[in-house]
Colleague: 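One structure coming up, written as structure tokens, with questions to follow.
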Amino acid sequence: MNRIETISQNSSLKKAWEALKRNKRSYGIDEVTIADFAANLDANLIDISKKLKSGTYKFSPVRGVALPKPGSTKKRPIRVATISDRVVQ
């Protein structure tokens, strides 16, 4: 079994989702939240799986965020991927 076959299995995607869903406030450039994704979880995972298997899955642009650094007035830039992209990653 190759890497794409392994990743695209429903059990692998559900395992990735379980690890990801702990961060309830995070969302990507598409503004789909953890709650939004969870509301259609099975359909979202099936869609990701089909796209991975067919070679049509495309990663989305990331959302830029500046987080304050603890004990400083400076901010730390980070990039936030969409929920779908983080499930695949």
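Throughout, residue positions are numbered sequentially from 1 according to the sequence presented. What you see is a predicted model, and the numbers here were worked out from it, not measured in a lab.
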Colleague: Can you get from Phe59 to Ile78 by hopping between Ile, Leu, Val, Met, Phe, Trp and Tyr side chains that sit under 4.5 Å apart?
Modeller: no
Colleague: Is it possible for you to say whether Ile83 and Val80 belong to one hydrophobic cluster, with membership spreading through side-chain heavy-atom contacts below 4.5 Å?
Modeller: no
Colleague: Tell me the closest heavy-atom pair linking Lys58 and Gly55, and the distance in Å.
Modeller: NZ-O, 4.5 Å
Colleague: Linking I/L/V/M/F/W/Y whenever any side-chain heavy atoms sit under 4.5 Å apart, do Leu13 and Leu41 land together?
Modeller: yes
Colleague: Nearest 0.5 Å, what's the CD-CD1 distance between Gln89 and Ile7?
Modeller: 10.5 Å
Colleague: Tell me, with the steps shown, if Tyr57 and Asp47 meet side chain to side chain donor-acceptor pair (under 3.5 Å).
Modeller: CA-CA 9 Å; Tyr57 188 89; Asp47 184 55; over 6 Å; no
Colleague: Do you know which two heavy atoms are closest between Asn2 and Ile4, and how far apart they sit?
Modeller: OD1-N, 3.0 Å
Colleague: Check the pair Lys14 / Val87 against side chain to side chain contact (heavy atoms under 4.5 Å, CB included), numbers first and verdict last.
Modeller: CA-CA 8 Å; Lys14 281 196 177 200; Val87 167; over 6 Å; no
Colleague: Within this structure, what is the OH-CG distance for the pair Tyr27 and Asp36, rounded to the nearest 0.5 Å?
Modeller: 11.5 Å
Colleague: Do Lys21 and Phe37 have side chains that get closer than 4.5 Å, going by heavy atoms?
Modeller: no
Colleague: Answer whether the closest heavy-atom distance between the side chains of Ser54 and Lys50 falls below 4.5 Å.
Modeller: no
Colleague: Answer yes or no: is there a donor N or O on one side and an acceptor on the other, between the side chain of Arg86 and the main chain of Ala81, under 3.5 Å?
Modeller: yes
Colleague: Is there a donor-acceptor pair under 3.5 Å between the side chain of Ser49 and the backbone N or O of Ser8?
Modeller: yes
Colleague: State, yes or no, whether a side-chain contact exists between Ile34 and Leu20 at a heavy-atom distance under 4.5 Å.
Modeller: yes
Colleague: Does a side-chain heavy-atom distance below 4.5 Å link Val32 with Thr82?
Modeller: no
Colleague: Looking only at non-hydrogen atoms, find the nearest pair between Gly64 and Arg79 and report the distance.
Modeller: CA-NH1, 3.1 Å
